[in-house]
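We name chains A, B, ... by the order of the sequence lines, and we start the count at 1 in each one. Because the structure is predicted, anything quoted here is derived from the model rather than measured.
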Protein chains: 2
Amino acid sequence: MHNRMDTKQNMDVRTLCLGALMGGEATGYEIRKMFEDGTFSHFQIASLGSIYPALTKLTQDGMVTFVEREQENRPDKKVYQLTSEGRRTFLRTLLQTRPGEDRYRSDILFMLTFAEELPIELTEALIDEFAARHEMMKFDIDPDNPQKDECPLAHGRDEDGQPTPGCRFVAGLGQAMCEATLKFIRENKSGLIEELRTRKDRKA
Amino acid sequence: MHNRMDTKQNMDVRTLCLGALMGGEATGYEIRKMFEDGTFSHFQIASLGSIYPALTKLTQDGMVTFVEREQENRPDKKVYQLTSEGRRTFLRTLLQTRPGEDRYRSDILFMLTFAEELPIELTEALIDEFAARHEMMKFDIDPDNPQKDECPLAHGRDEDGQPTPGCRFVAGLGQAMCEATLKFIRENKSGLIEELRTRKDRKA
DNA sequence: ATCGATATATATCGAACTGATATAGTCATT
DNA sequence: AATGACTATATCAGTTCGATATATATCGAT
């Protein structure tokens with residue numbers, strides 16, 4: 001866990017796992033869910049293929065420990081927990097790190113860039129799909145979403161079970177972005193479709 | 001270039017390069033700039049380390065051709081151009097592809113999630129940095145931005161040199177997202193900082 | 001004048017990560 | 001009884017990133 005203050009790299013999966021465990025114990029499977037559906041889902045990604053090796057490495061380095069927990073009617077779990085060393089290292093990393101660039105990747109927006117070369121129905125479908133995904137995301141982000149209360153994955157809760165201010169802020173920002181996206185689509189979709197139609201007519 | 005209709009993968013660099021060349025000829029270096037600063041910068045990424053091998057592969061597959069162009073006071077260029085096969089393949093890919101999930105990655109938002117564990121000055125600095133980056137991005141995205149007229153990289157222009165409707169739509173969406181982000185920060189930053197301060201006082 | 005930084009331009013490579021797959025059991029639906 | 005979905009860990013091939021090397025030129029600062 002060396003210093004990366006100088007680089008432009010994004011946080012590696014080991015650091016992300018430490019962060020995920022700041023909210024309490026969790027299995028590798030549960031950590032993935034935090035990035036897939038949970039607290040971190042709209043602004044960080046990590047797959048199982050990187051999480052499990054990361055947890056192994058972190059165990060070797062003394063950053064986390066685990067206990068194997070037998071379950072009825074379920075495969076055994078390895079429940080991981082931060083060591084005080086791990087906690088210290090994570091917070092030190094946050095203090096020392098120049099945060100990497102934000103990166104947003106969207107196949108749909110890339111494809112829409114070529115709208116003029118596509119059938120208009122496809123363009124419409126792409127925009128609708130984009131809107132649907134953001135509608136879903138807006139819903140998923142909500143920290144007060146009743147769904148989330150059931151699962152133990154939601155990190156960033158204080159003693160009262162309330163989301164911490166930081167989490168609330170980040171969630172609110174995510175929702176604002178989703179809403180802006182949806183608003184833009186409501187206001188501009190039909191205009192784009194019309195323009196594409198006129199252009200196609202002019203060509204023909 | 002096989003069918004990936006069934007998978008959830010994002011577009012590979014080869015496909016992105018074909019798309020970049022839809023706007024006309026370009027060198028590998030120029031393609032990277034499209035993803036770094038140019039048209040695609042806010043929603044796709046590709047690095048030189050993947051672009052050059054991709055162009056080599058595309059040449060082997062007959063999707064692109066290149067001419068070596070000598071330059072005065074500059075290293076030689078390899079100027080790539082789509083073949084009709086490449087153009088057809090790209091458009092077929094767009095038609096056949098189920099677009100991969102959008103993915104947004106932000107170290108800053110991840111860090112802000114732990115605001116309670118950080119010094120308040122760092123939290124403030126992170127938010128300011130986030131705002132500054134989005135301010136910059138909002139400016140960079142503008143397809144009518146005078147800066148862009150100089151460089152030949154801006155794809156998605158029709159015969160009149162005007163951005164195509166698709167590009168305009170995607171750019172507008174990007175700007176709307178930036179604006180929403182900035183608005184949210186304006187309206188919520190001081191509230192967060194205050195809340196963090198009160199909590200810290202209560203602990204002490 | 002020379003130094004360091006930045007820009008143009010291509011190429012390569014180790015390290016990291018993704019997505020797929022394997023294994024294995026449960027549960028609900030068809 | 002079969003298919004698919006969920007819990008759970010593990011591994012690996014293929015892809016991509018970030019760093020670095022090489023070579024040349026410009027430009028501001030010392």
Side-chain angles (χ1 to χ4, degrees), chain A residues 1-2 4 6-17 25-38 44-59 66-80 98 100-101 103 105 107 150-153, chain B residues 1-2 4 6-17 25-38 44-59 66-80 98 100-101 103 105 107 150-153:
Chain A
M1 205 65 41
H2 68 295
R4 44 168 288 273
D6 42 342
T7 70
K8 281 172 189 170
Q9 274 180 82
N10 277 103
M11 278 178 181
D12 58 28
V13 178
R14 281 197 296 286
T15 307
L16 295 180
C17 285
E25 53 172 40
T27 66
Y29 191 78
E30 286 170 331
I31 290 174
R32 191 213 51 170
K33 286 216 289 183
M34 294 186 210
F35 291 103
E36 194 96 323
D37 324 298
Q44 280 294 350
I45 325 143
S47 68
L48 284 174
S50 53
I51 290 172
Y52 284 119
L55 288 171
T56 306
K57 185 80 184 354
L58 287 169
T59 306
F66 68 90
V67 283
E68 232 147 331
R69 197 166 297 167
E70 287 167 48
Q71 296 189 109
E72 279 171 45
N73 307 337
R74 287 261 164 272
D76 288 1
K77 282 176 173 185
K78 285 185 184 174
V79 183
Y80 288 87
R98 253 226 72 184
E101 294 255 328
R103 33 191 90 243
R105 238 180 142 102
D107 282 4
E150 299 163 31
C151 69
L153 318 164
Chain B
M1 205 66 41
H2 67 295
R4 45 167 288 271
D6 43 341
T7 70
K8 282 172 189 171
Q9 275 180 80
N10 277 104
M11 278 178 181
D12 58 27
V13 179
R14 280 197 297 287
T15 306
L16 295 179
C17 285
E25 54 172 39
T27 66
Y29 190 78
E30 285 170 332
I31 290 175
R32 192 214 50 170
K33 286 215 292 182
M34 294 186 209
F35 291 103
E36 194 96 323
D37 323 300
Q44 280 295 349
I45 325 143
S47 67
L48 284 174
S50 52
I51 289 172
Y52 283 120
L55 288 171
T56 305
K57 185 80 184 353
L58 287 169
T59 306
F66 68 90
V67 283
E68 232 149 330
R69 197 166 296 168
E70 287 166 48
Q71 294 188 109
E72 279 171 48
N73 306 338
R74 287 264 163 269
D76 288 2
K77 282 177 172 184
K78 285 185 184 174
V79 183
Y80 288 88
R98 254 226 71 183
E101 294 254 328
R103 33 191 90 244
R105 240 180 142 102
D107 282 2
E150 298 163 33
C151 69
L153 318 164

Taking atom [atom2] of [N] as reference, at what distance in whole Å does atom [atom1] of [X] sit?
| X | N | atom1 | atom2 | answer |
| --- | --- | --- | --- | --- |
| A:Asp37 | D:dT7 | CG | C1' | 13 Å |
| B:Asn10 | C:dC17 | CG | C1' | 13 Å |
| A:Phe66 | D:dT9 | CZ | C1' | 11 Å |
| A:Ile45 | D:dT16 | CD1 | C1' | 13 Å |
| B:Arg14 | D:dC17 | CZ | P | 13 Å |
| A:Glu68 | D:dT7 | CD | P | 20 Å |
| A:Leu16 | C:dA16 | CG | C1' | 12 Å |
| B:Asp12 | C:dT18 | CG | P | 17 Å |

Working to the nearest 0.5 Å, report the span between [atom1] of [X] and [atom2] of [Y].
| X | Y | atom1 | atom2 | result |
| --- | --- | --- | --- | --- |
| A:Leu55 | A:Leu48 | CG | CG | 10.0 Å |
| A:Tyr52 | A:Cys17 | OH | SG | 10.5 Å |
| A:Ser50 | A:Lys57 | OG | NZ | 14.0 Å |
| B:Ile45 | B:Glu36 | CD1 | CD | 10.0 Å |
| B:Glu101 | A:Asp107 | CD | CG | 10.0 Å |

Check nucleotides 6-11 of chain C against the protein and report each pair of N or O atoms closer than 3.5 Å, with its distance, or say if there are none.
from	atom 1	to	atom 2	distance (Å)
C:dT8	OP1	B:Lys33	NZ	3.2
C:dT8	OP2	B:Tyr29	OH	2.9
C:dA9	OP1	B:Gln71	OE1	2.9
C:dA9	OP1	B:Gln71	NE2	2.7
C:dT10	OP1	B:Lys78	N	2.7
C:dT10	OP1	B:Lys78	O	3.4
C:dT10	OP2	B:Tyr29	N	3.1
C:dT10	OP2	B:Tyr52	OH	2.9
C:dT10	O5'	B:Tyr52	OH	3.4
C:dA11	OP1	B:Lys78	NZ	2.5

In degrees, rounded to 10°, what is the bend between the two ends of the helix from C:dA1-D:dT30 to C:dT30-D:dA1, using five pairs at each?
30°
Are any of B:Arg105's side-chain N or O atoms less than 4.0 Å away from OP1 or OP2 of D:dC17?
no
Taking only side-chain nitrogens and oxygens of B:Ser50, does any of them come within less than 4.0 Å of OP1 or OP2 of D:dT16?
no
Please check if any side-chain donor atom of B:Arg103 sits under 3.5 Å from a side-chain acceptor atom of B:Asn10, or the reverse.
yes
Count the heavy atoms belonging to other residues, nucleotides or ligands that lie under 6.0 Å from CD of B:Glu70, then report whether that count exceeds 12.
no
For the residue pair B:Arg32 and B:Tyr29, would you count it as a cation-pi contact if the rule is NZ or CZ under 6.0 angstrom from the ring centre and within 45 degrees of the ring axis?
yes
Is any side-chain N of the basic residue among A:Lys77 and A:Glu25 closer than 4.0 Å to the acidic one's carboxylate O?
no
